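Accompanying notes for the structure given below.
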Amino acid sequence: MKQFRQRTPLFFMLILTAAFIFGCQKKEVTCPFTTITWGNTLEDIRELEADGGETYDSIYDGTTYAFPKDYDGLTGTIKYMFNGEGRLVSMSWMYEADDSEDLAAVYEKIHGEAEKMLGKSGFKYNREELEKVAAPGDVWYLESGNVILTTVDASDLKALQYTFLHPDVSEDRPQNGQ
C-alpha cells in the first residue's frame with residue numbers, strides 16, 4: 001500500500017504531462033478551398049488551377065494569380081499572392097453576392113465552418129460603435145499565419161473574402177485584444 005501511495009502522484013504527473021504536451025501542440029491549419037500549401041510553386045498552382053486566369057500586382061511586391069474556383073458549392077475566384085522574392089504569402093477565395101441577404105447567408109455559413117475549424121477568434125472592433133455599422137468580418141491570429149474573413153456590402157459590390165496569410169506577412173494580435 002505504501003508503494004501505491006508513493007507512485008500515485010508520479011502516475012498522475014505523467015498523465016498531466018502527456019495531456020499538456022499532446023493537447024498544446026501547435027494546431028496545423030489547412031486552407032479549405034485549395035490543396036496548395038506555402039511550399040508549393042507557381043507551377044504547382046497552374047497545374048492545379050489550369051492554365052490561364054488573370055495576373056496583376058500583389059500588395060506584397062510580387063504578382064497575384066487569380067482563377068475561377070468553386071468552393072463550398074459557390075462560384076468564386078481564388079487568388080494566390082506572391083511576394084517580391086517569388087514566395088507564396090497569401091491565398092484568398094472571393095465570392096460576389098447578388099444581394100445583401102445572400103452575402104449575409106454566405107458569411108454565416110463560412111464563418112461557422114471557420115469557427116468549427118479554428119475556434120473563436122476573439123477579434124473585436126476597437127470601438128463598440130463600429131460593431132453596429134461595420135460589415136461582418138473576423139480575424140484569427142495564429143502562429144501558422146492569420147486567417148481573415150471579410151465582407152463588403154456596398155451599393156455596387158457585395159463580396160466576401162476568405163484569406164489565409166503566411167506567417168511572414170501576418171500581423172501580431174493587437175495588445176488590447178482588438
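These numbers come from a predicted model, not from an experiment. Positions are given from 1 along the sequence.
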So do L88 and H166 actually touch side chain to side chain, heavy atoms under 4.5 Å? no
Got E54 and F67 here, is their nearest side-chain heavy-atom distance under 4.5 Å?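 No. Closest side-chain heavy atoms not under 4.5 Å.
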Donor-acceptor under 3.5 Å (S121 side chain, V139 main chain): yes
With [X], which residues qualify under side-chain contact (heavy atoms from CB on, under 4.5 Å), at least two apart?
{"X": "L42", "value": "R46, Y65, F82"}
{"X": "P32", "value": "Y71, M117, Y162, F164"}
{"X": "T35", "value": "L48"}
{"X": "T41", "value": "E43, D44"}

So salt bridge (Lys or Arg N to Asp or Glu O under 4.0 Å) across residues 83-100, not counting sequence neighbours, yields R87-D168
Does V29 form a side-chain contact (heavy atoms from CB on, under 4.5 Å) with S144? I'd like the steps, not just the answer. CA-CA 7 Å; V29 177; S144 59; 4.0 Å; yes
Taking side chain to side chain donor-acceptor pair (under 3.5 Å) as the cut-off, I'd like each qualifying pair that reaches into residues 55-64, sequence neighbours left out, listed once. none
Closest approach of G76 to W93 (non-hydrogen atoms, all atoms of both residues): CA-NE1, 3.8 Å
So which heavy atom on K120 is nearest to which on W140, and how close?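 Heavy atoms of K120 and W140 come nearest at C-NE1, 3.7 Å.
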Going through the checks in order, is the side-chain contact (heavy atoms from CB on, under 4.5 Å) test met by E49 and I78? CA-CA 9 Å; E49 303 297 348; I78 192 165; 4.1 Å; yes
Rounded to the nearest 0.5 Å, what's the gap from [atom1] on [X] to [atom2] on [Y]? Could you check?
{"X": "E143", "Y": "S170", "atom1": "CD", "atom2": "OG", "answer": "11.5 Å"}
{"X": "S90", "Y": "N83", "atom1": "OG", "atom2": "CG", "answer": "11.0 Å"}
{"X": "T75", "Y": "Y95", "atom1": "OG1", "atom2": "OH", "answer": "8.0 Å"}

T34: side chain to side chain donor-acceptor pair (under 3.5 Å) partners, not counting sequence neighbours: Y80
The criterion is side chain to side chain donor-acceptor pair (under 3.5 Å); which residues satisfy it with E101, sequence neighbours excluded? none
Check residues 104-113 and write down every donor-acceptor pair under 3.5 Å in which the side-chain atom is one partner and the other belongs to a residue at least two apart or another chain.
| unit_1 | atom_1 | unit_2 | atom_2 | d |
| --- | --- | --- | --- | --- |
| K109 | NZ | D72 | O | 3.1 |
| H111 | NE2 | D138 | OD2 | 2.7 |

Is there a path of hydrophobic side-chain contacts, each under 4.5 Å between heavy atoms, that joins M94 and L74? no
List the atom pairs, with distances to 0.1 Å, where a side-chain N or O of residues 146-161 and a protein N or O form a donor-acceptor pair under 3.5 Å, not counting sequence neighbours.
| unit_1 | atom_1 | unit_2 | atom_2 | d |
| --- | --- | --- | --- | --- |
| N146 | ND2 | E171 | O | 2.9 |
| T151 | OG1 | P136 | O | 2.6 |
| D153 | OD1 | S100 | OG | 3.0 |
| D153 | OD1 | K158 | NZ | 2.7 |
| D153 | OD2 | S100 | OG | 3.0 |
| K158 | NZ | A154 | O | 2.8 |
| Q161 | OE1 | K79 | NZ | 2.9 |
| Q161 | NE2 | T163 | OG1 | 3.3 |

